[in-house]
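Notes follow the structure.
Here, residue 1 is the first one in the sequence, and each next residue gets the next number. FYI, side chains are in, hydrogens and waters are out, and symmetry mates aren't considered; it's all heavy atoms of this structure. Since this is a predicted model, take the numbers as computed values, not measurements.
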Amino acid sequence: MSGRPNSGYYERNHRQSAALIRARRPYLFKNVVLGTSITAFTLAVYAYTLTVVGQDEFEDVKVPEKK
């Protein structure tokens, strides 16, 4: 390899160093809450859309006849 010492947040085997884990620790809970909230909102919109579309009768849509 290059022979220079490891100066980043990752070790040679591409694992997170202790310093990176310590730096990320204050944000872990907030990130989990935000990710869960975004996922819940997305699933709620998807479920609502399927429910509303499933109730529609589509009687006003004209289907062309085959020739």
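In this structure, the separation between OG1 on Thr51 and OH on Tyr46 is 10.5 Å, given to the nearest 0.5 Å. Expressed to the nearest 0.5 Å, how far CD1 of Ile21 lies from CZ of Arg15 amounts to 10.0 Å. Rounded to the nearest 0.5 angstrom, Asn31 CG and Thr36 OG1 are separated by 10.5 Å.
Considering every non-hydrogen atom in both Gln16 and Arg24, the closest pair reads NE2-NH1, 2.7 Å.
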